[in-house]
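Encoded as structure tokens, the structure appears first; notes follow it.
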Protein chains: 2
Amino acid sequence: MISDYQLSERKRSLLNAIIKDYITHGEPLGSRTLCKRHDFKLSPATIRNEMAELEDAGLLVQPHTSAGRVPSDKGYRFFVDHLMESYIPTLEEKQFVRRLEQTSKAIDAVLFQAIRILSDATQAIAVAETPHIRANPVQTLNLMAVDEESMVLSLTYSGNIRRQSLIRLSQPIYSEILSLLTNYLNEQLHDNVSLDELFHRIVTCPLEREIQYYKSIILDMVSEIYAQTQREEKIYMSGTSHLLKEPEFHTTENAYPILQFLEQDQFVHQLFKRLNGTVQTQRSDVYCLIGYENYYQELKNCSFVATPYFIDTKAIGMIGILGPTRMDYPKVMGLLQTVANNLTQTLTRLFS
Amino acid sequence: MISDYQLSERKRSLLNAIIKDYITHGEPLGSRTLCKRHDFKLSPATIRNEMAELEDAGLLVQPHTSAGRVPSDKGYRFFVDHLMESYIPTLEEKQFVRRLEQTSKAIDAVLFQAIRILSDATQAIAVAETPHIRANPVQTLNLMAVDEESMVLSLTYSGNIRRQSLIRLSQPIYSEILSLLTNYLNEQLHDNVSLDELFHRIVTCPLEREIQYYKSIILDMVSEIYAQTQREEKIYMSGTSHLLKEPEFHTTENAYPILQFLEQDQFVHQLFKRLNGTVQTQRSDVYCLIGYENYYQELKNCSFVATPYFIDTKAIGMIGILGPTRMDYPKVMGLLQTVANNLTQTLTRLFS
DNA sequence: TATTGGCACTCTCGATAATAAAGTGCTAAA
DNA sequence: TTTAGCACTTTATTATCGAGAGTGCCAATA
């Protein structure tokens, strides 16, 4: 395990300096440059020796003999886990984040605003899942006719989260039937059943007598509700163009696969899913995948930092940032955390 | 005006060949290559002379002396207006487009699917506005309580387009008041008033006596409805990564400004707005902006092709394609037209 | 008169070579 | 243990050169 490394204080500060410098300048660091930029009381020669040892430890790599050193993925990991100090947002950035509170109500709009702010502030790509609400236990369910062909579905999820949605039906339905169905569906909702499970039951199990007659209506309704909730599970993304500004993606061959990857929502969903169970930064619930840890070949030169957002105390989705491996981790993680907290507050205020 | 040019039949077919070749190969065309690829009964020398004249006419340009020729924006314009034959979709592409009919109901989902299909089929960037519904005259308006804090707003627009939306209020409201408000608002809707105008009236004009008391509720409601309808006006986009595959955007400096431009919804909205009143292809309502016609510096190496989509006979939004100036116009315009027609059919079927 | 072949000229592109810059590793001295 | 010095390596940059593709013009041709 990486955290087992016992590095001397000098090596740590050296590594810290190298990574920070590399993050800002994007060029391999040589002993001389390093010596000029920082005031270690050491000569380049000593630094050279230390750097050679850091390379032996796998924390640095040389792009080629007689180039400077660059942090390896392992190096970044060490930095993230042991070296970096938490980031303090500037006043301007705080101001920036506060815009979130001024957004209007709908959950999508809030999310959208959040990733906009995040990508602007970090100059990287921000992505967010919309809340996966279907896996949540439903407490009560209510159907209400609007006119012959549409109705409102009100759901109260555990944690007192309430959502309504407007459902259009392909055939007319009368309010008596609607209340019958409401009762029936509510009966099915005893022990913490989620929408997913409820629908599964309805489709697979035989229905009770009195309901049997309306099966086609129920199925129609269910499939519409299902489609609608599924359609709601989207990926929002902002700031893809920022990637092209980074020197490592200046040639299109490097940038293209990443952008193409990101355009496919299902991959991004998977990316978020994969985070559960992976390494997590100790001080918070910010997940961080560095370079090759990313599993997807397309992202091998990227790091992905993500964190869940909540309504009340229930995690309902994730928000993250994708940038070059050489990203400013403290800043990105700090801002991500701040925005996610704000998001949680805003959503909790509005929807609990 | 460009269409005044009287080109000899030979010049026309030569220009046609040059543009088509350039579209597929992406490299300047020389007289010799041209002669080899096509069976004009002419020698390279003659072709050279003709090309020189086409250049004098401003239809071709030379990247530098002694390179081949490349179509100018004016050349593309002539091609689009006078030379190109309409594109016949392949069986596969027809199959492709048919997927649109299988999409589920919500208007956004249909739109989203449409641009997905379009960008896949054309290998370019597809963009669409969501319908701008607020400018449409409203015929009837209905409010209906769902619970204390939310209600359904049903609107019937001219052309019998009906839409419902769920509104959350920041304060409780009782159904008696709701029906009062419904009546009041409906009275305001006499002569073809759109939502925009209605809201403007409410905010600026003094309210009648009996209603006055509920002003804060009305304003609250109006602002929520307004926010909600405005929020609905989004830009959908698909296939941005396709741009990076084109040789002219292989170096990031060229691609970056375009992607950044596209990330700002307000610019894309403007882009669509600007189309009204500009040149239009005669054979259909496909608009086409070539190179510098695009007004925006960022898009000077791009062409933008767009067409409205309808519900019934009412244009409610636009859908378009952005690609390099060297795009395959017949194909792009043909597929755009086909998809837009399908979109119109699907939407009309669902929402009229 | 329109078309063609020939030819000198121009410009780009790719390869090669030379040079400068930056960095390393090693050794010996402090 | 640290440092200074030095030879060596590698990349990036620049210059040079020739090949290739294309042009324009002129004189010959049909």
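Order of the sequence lines fixes the chain letters, A, B, ..., with proteins taken first and strands second; residue numbering starts at 1 for each chain.
B:T46 comes within 4.0 angstrom of a base, heavy atoms only. Within the nucleic acid shown, A:A67 comes within 4.0 Å of sugar-phosphate atoms alone, with no base atom in reach, counting heavy atoms only.
Closest to the side chain of A:H64, from the set D:dT10, D:dT23, C:dT4, is D:dT10. Nearest to the side-chain atoms of B:L42 among the listed nucleotides C:dT4, C:dT24, C:dT10 stands C:dT4. Nearest nucleotide to the A:T65 side chain, out of D:dT9, D:dG24, C:dT24: D:dT9.
At D:dG22, none of the side-chain N or O atoms of B:S31 fall inside 4.0 Å of OP1 or OP2 (strictly under the cut-off).
Rounded to an integer number of Å, the gap from CZ of A:R32 to P of D:dC6 is 13 Å. Separating the CG atom of B:L29 from the C1' atom of D:dG22 is a distance of 12 Å, rounded to the nearest angstrom. Rounding to whole angstrom units, CZ of residue B:R48 and P of C:dC9 are separated by 16 Å. Distance, A:E27 CD to C:dA21 P: 16 Å, rounded to whole Å. Atom OH of A:Y22 and atom P of C:dG23 are 14 Å apart (whole Å). For the pair A:I47 CD1 and C:dG23 P, the computed distance is 12 Å after rounding to whole Å. In this structure, B:K11 atom NZ and C:dT3 atom P are separated by 10 Å, rounded to whole Å. Nucleotide D:dG24 holds its P atom 11 Å from the CG atom of B:L60, rounded to whole Å.
Looking at A:S66, its side chain comes within 3.5 Å of the base of D:dT9 through a donor and an acceptor atom.
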Run the side-chain contact (heavy atoms from CB on, under 4.5 Å) test on B:Y22 and B:L29 for me, step by step, so that the C-alpha distance in whole Å, both residues' side-chain angles and the decisive distance to 0.1 Å come before the verdict. CA-CA 7 Å; B:Y22 186 65; B:L29 274 293; 4.0 Å; yes
Side chain to side chain donor-acceptor pair (under 3.5 Å), that's the test. Do B:Y329 and B:S303 meet it? Break it down for me. CA-CA 9 Å; B:Y329 291 91; B:S303 285; 2.7 Å; yes
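Because its NZ or CZ atom is not both nearer than 6.0 Å to the ring centre of B:F40 and within 45° of the ring axis, B:R10 does not count as a cation-pi partner of that residue.
Enclosure of atom CD in B:E27 is not indicated, since only 12 or fewer non-hydrogen atoms of other residues, nucleotides or ligands lie within 6.0 angstrom.
Ring geometry, B:F304 versus B:F272: the interplanar angle exceeds 60°, so the pair is classed perpendicular (tilted spans 30 to 60°).
Both A:A45 and A:T33 lie near DNA chain C, and the one whose nearest nucleotide falls closer to the 5' end is A:T33.
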